[in-house]
Protein chains: 2
Amino acid sequence: MADVTLREVARASGCSVATVSRVLAGTRPVGAETARRVREAAEALGYRPNHAARALRGHRTGTVGLVLPQITNPFYPALVRELTHALHADGRAVLLADCDDDPAAEAEYVADLLSRRVDALLVIPADEERSRDAVAAAAARVPLVLMDRGCGPGVADSVAVDNATGMALVLDHLAATGRRRVCFLGAAGTASAAAERRGAYAAGAGALDPGAVARVALGDFSVEWGRAAVDEVWPARPDALVCANDLIAIGALQRLQQLGVAVPGEVAVTGFDDIPMAALSSPGVTTVRQPVPELAAEAARLLGLRLSGDDTGPRRSIRLAPKLVVRESSARGPAAIPAPAGTGESAPFR
Amino acid sequence: MADVTLREVARASGCSVATVSRVLAGTRPVGAETARRVREAAEALGYRPNHAARALRGHRTGTVGLVLPQITNPFYPALVRELTHALHADGRAVLLADCDDDPAAEAEYVADLLSRRVDALLVIPADEERSRDAVAAAAARVPLVLMDRGCGPGVADSVAVDNATGMALVLDHLAATGRRRVCFLGAAGTASAAAERRGAYAAGAGALDPGAVARVALGDFSVEWGRAAVDEVWPARPDALVCANDLIAIGALQRLQQLGVAVPGEVAVTGFDDIPMAALSSPGVTTVRQPVPELAAEAARLLGLRLSGDDTGPRRSIRLAPKLVVRESSARGPAAIPAPAGTGESAPFR
DNA sequence: CTGAAAGCGCTAACAC
DNA sequence: GTGTTAGCGCTTTCAG
C-alpha cells in the first residue's frame, strides 16, 4: 500500500505522466480511450494525488487556516462546524489553531500557518487592537476574512452579525411586552461585539425610558460577570436586563434565582448569540440568534472570490441580520396583564 | 514580502543552500562564524521554510488530522482545545474534519487527510462498527489514535476515560448519601461509552438494591431523551437517576422540574462528562469529570511515540480514571437526615 | 566543515 | 492529442 505516483499510473496505462495529469486534473482535452485507460489504472492502483507536490508546484495547498480565540467559547463550535463544512465542500482542508485569547500566540499561529502555505486565513481576532498588526501583515500575503469580531477599519474583509439590528430587536420586543425600566449588562473593552452592542443599547434604550441609557453595568462576556452585574443593577429595580450575550444572561438568571426574584414576572432577561445553553436553561433565555450557517457561507464565498482572482475589489464588510428568539425569560411583561394604558414607568414591581 | 527561499538566504550570507539548510535544521555541525552569518541573513530577510517543499522531500508534513463526529457535541470543544495545544507544542499543525456523525463522510475525510499526507490521525469514531473499516485501513498507513470512543478491539491505539470507574464513583456516592432506589437513564447502541457505562451500572447497582439493575431506560445521549426518559422511570419512584451523560441529566432535570419533583430532595440526578452546562444548570449537576487535558496529553504522547519510530510496540489502550464532581443535584440524600439506620430501601418519598 | 547535484511528485510550457 | 522536459524549495548523499 505504498504511495502510488503519477509515474506508476502512467506506466500502467501506457502513456506519459503529463497525459495522466491532464486526465486527472481535466486541464486539457484528452482522447476518450486514453482517458478511460488512465482512469482505470488510477482506480486499480488506488492512486491519490500527493498534495505536497501539488502545493510545491502550484503555489496553492488547498488549505485554509482558521484561527480563533477559544474553541471552548460556546458560540464558536457551531461556527467552526459550518465553516469547515463550507470549506470542505469547496475541496479545501482546514488547519485549526486556538490561540487561547492570547494575541501573541495568535500572531505565532498566523505566521506558522502562512509558512505552511495556507491559501487563505479565517481569523476571529483575539483582540480588536492587539491583533491588528499580525492580521494586517497576514492579510497582505493571503486572502483573509475576519469573522465575528472586527480588527480596526479596512484591515481585511469581514463577516459578522449586525449587532445593532439585534439589539434593536431586543429593545422593540421588550417595549412591546410592556417593559420600560430596562438596563444593560454588557462588556467593556473595544472588541467590536462589545462596543456595537453597547452602542446599540445606548441608541435605542432612550426610547423606552430616558433613564435607561445610564443604567449600564460593564464587565466581560462571562457567566461570573452576569452574576456580579445583577448585584450592581438590582437596587435600581429594573424590569428588564438586556445582556450583551447569553453567558451574561445565564449568570444573571442564576443570581436572580438566588435572590428569589421572579423571571419573567418581576424582571425580564435577554441574551445574545443563542448558544445551546440559552435554550436549555430554565427559564429559557430570550435571545438574538446569529445566522451561523449564513455567516459561514458568506465567509467561504468571500474567500472563494479572493482566491479565484477576483482579488481586485475593495475590502468588503458584510453584516447579516440576526433573528429574535423569544423564550420564557421575557414572556408576558407587565403590559400583557390587562391594565390601564400607562407609561409602564409606574408598573408595579411584581 | 514575496516568499524568501533558502537560495536567497544563501546568496545573502555568501554560502551554499546546503549550508543554510544545515544551519537552520541543525542537522550537522557548521562553522560558528558561518552559522552566525546565515542566521542573521535569514532573520533579516524574514525567511520562513516552505513546508510544502519540506514535505515533498522529507515525506512528512508536520500535520495531524483530527476527525470527530460533531464539534457541537459540548464535550468535544475542550478536548479539541487540549489536543491542538498539545500537538502545536510539538510543532505539528492540526487539520480538522467534522463528519457530522456520518461514517461515510468520516471515511471520505480520512481518505482526504491521508492524501494530504498527514503524519498521523486522531479519530473519534462516529460509529463503533460502521467506522471500523475506514479506521483500520487508515491505521495501516499512518499512526492512528482513537479517542473517547472505541472502534472494535485491536484496531488502533486508543485513549479514553475509564467509564467503569466513573460509574462506580457515582454509585458509591449515591450509596454514601443514602440513595437506594437508583435507576439508569442511558443510551442504547454499541458505542463504547454507551455500552461501558451501561455495563458498569449493571455491575454496580445491584449492591444498592437488587431491583436497580432492571430499572434501566435506554435512548440516546440527548437532552430530549433525558426529558422523555423521566416519564418512563418516574412511576417506579426512584430516589436517584443515574444518567449516562450530562445532556441526559439536564433533560431529566428539566422534566422533573416541570413535574414539580424536588431535586435533590425527592430524587438525586447525576450525569457524566462534566460539560460546561453541568456546572451552570440549577441545581448544578453532580457528574463525573473526564480528565480532558490528560487524555489529550496521552494521545499526543502516543502519537509522538509512533511517529518517532517506536512504532514496534503492540496496540496500546489507555484508560484514565475520572473524578467525581459533587454538585447540588445529589446533595444530602435521605441518609443525611438524622434517622435510624436502615436499609434506605424504606426511605420516605420526600 | 562546505559545496555541487540529485531528486521528492507534480504541472505547465513547449514541441511534435 | 500526446510526450518531453524544466523546475517548485528543500534535504541529503557524495565529493572535496
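Below, chain A is the first sequence line, B the second, and so on; all start at residue 1.
For residues 9-35 of chain A, no residue pair satisfies the ring-ring contact (aromatic ring centres under 6.0 Å, His included) rule, not counting sequence neighbours. For the ring-ring contact (aromatic ring centres under 6.0 Å, His included) condition, the pairs that include at least one residue of residues 105-154 of chain B, sequence neighbours left out, are A/His88-B/Tyr109. Applying the ring-ring contact (aromatic ring centres under 6.0 Å, His included) definition to pairs two or more places apart or across chains, none involves residues 13-53 of chain B. Applying the side-chain hydrogen bond (donor to acceptor under 3.5 Å, both in side chains) rule to pairs touching residues 5-16 of chain B yields B/Ser16-B/Thr19, sequence neighbours excluded. Applying the side-chain hydrogen bond (donor to acceptor under 3.5 Å, both in side chains) rule to pairs touching residues 121-134 of chain A yields A/Glu106-A/Ser131, sequence neighbours excluded.
The distance from atom CD of B/Glu33 to atom C1' of C/dC1 is 14 Å, rounded to the nearest whole Å. In this structure, A/Arg117 atom CZ and C/dC10 atom C1' are separated by 17 Å, rounded to whole Å. Spacing between atom CG of B/Leu24 and atom P of D/dG9 amounts to 16 Å, rounded to whole angstrom units. Between A/Arg116 atom CZ and D/dC10 atom C1' there is a gap of 15 Å when expressed in whole angstrom units. Atom CZ in A/Arg7 sits about 13 Å away from atom C1' in D/dT4, given to the nearest Å. The distance from atom CZ of A/Arg60 to atom C1' of C/dT11 is 13 Å, rounded to the nearest whole Å. Atom-to-atom, CZ of B/Arg11 to P of C/dT2 comes out at 20 Å; the value is rounded to the nearest Å.
Nearest to the side chain of B/Arg54, among C/dA12, D/dC10, C/dT2, sits D/dC10. Of the candidates D/dC8, D/dG3, C/dG3, the closest approach to any side-chain atom of A/Leu56 belongs to D/dC8. Considering only side-chain atoms of A/Arg57, the nucleotide from C/dT2, D/dT12, D/dC8 that sits closest is D/dC8. Counting only heavy atoms from C-beta on, B/Leu6 has its side chain closest to D/dC10 among D/dC10, D/dT2, C/dG3.
Among the protein residues, A/Gly31 comes within range of the sugar-phosphate backbone only, with heavy atoms under 4.0 Å from sugar or phosphate atoms but none that close to a base. Within the nucleic acid shown, B/Thr5 comes within 4.0 Å of sugar-phosphate atoms alone, with no base atom in reach, counting heavy atoms only.
Annotation: proximity of residues 41-52 of chain B to DNA chain D (heavy atom, distance under 4.0 Å) is found for B/Tyr47, B/Pro49, B/Asn50, numbered in ascending order.
Phosphate proximity of C/dT2 to B/Ser16: absent, as no side-chain N or O sits under 4.0 Å from OP1 or OP2. A sub-4.0 Å separation between OP1 or OP2 of D/dC10 and a side-chain N or O of B/Ser21 is absent.
For the salt bridge (charged side-chain N to carboxylate O under 4.0 Å, His left out) test, residues two or more places apart in sequence or in another chain that qualify with A/Arg81 are B/Asp100. Scored by the salt bridge (charged side-chain N to carboxylate O under 4.0 Å, His left out) test, A/Glu298 finds A/Arg301 as partners (sequence neighbours excluded). Applying the salt bridge (charged side-chain N to carboxylate O under 4.0 Å, His left out) test to B/Arg22 and every residue at least two apart in sequence or in another chain returns nothing. Listed by chain and number, the residues in a salt bridge (charged side-chain N to carboxylate O under 4.0 Å, His left out) with A/Arg39 amount to none (sequence neighbours excluded).
Note on the helix from C/dC1-D/dG16 to C/dC16-D/dG1: angle between the axes of the first and last five pairs equals 40°, rounded to 10 degrees.
Salt bridge annotation for B/Glu40-B/Arg37: absent, with no cationic side-chain nitrogen under 4.0 angstrom from a carboxylate oxygen. Using a 4.0 Å cut-off between a side-chain N of Lys or Arg and a carboxylate O of Asp or Glu, A/Asp112 and B/Arg48 do not qualify as a salt bridge.
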>> Checking A/Val38 against A/Cys15 for the side chain to side chain contact (heavy atoms under 4.5 Å, CB included) test, could you report, in this order, the C-alpha distance in whole Å, the side-chain angles of both residues, the deciding distance, and whether it holds?
In response: CA-CA 8 Å; A/Val38 167; A/Cys15 61; 3.7 Å; yes
Between the protein and nucleotides 13-16 of chain C, list the N/O to N/O atom pairs that are separated by less than 3.5 angstrom.
| unit_1 | atom_1 | unit_2 | atom_2 | d |
| --- | --- | --- | --- | --- |
| C/dA13 | N6 | A/Arg22 | NH1 | 3.4 |

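DNA chain C is contacted by both B/Val17 and B/Thr34; B/Thr34 maps to the nucleotide lying nearer its 5′ end (nearest heavy atom per residue).
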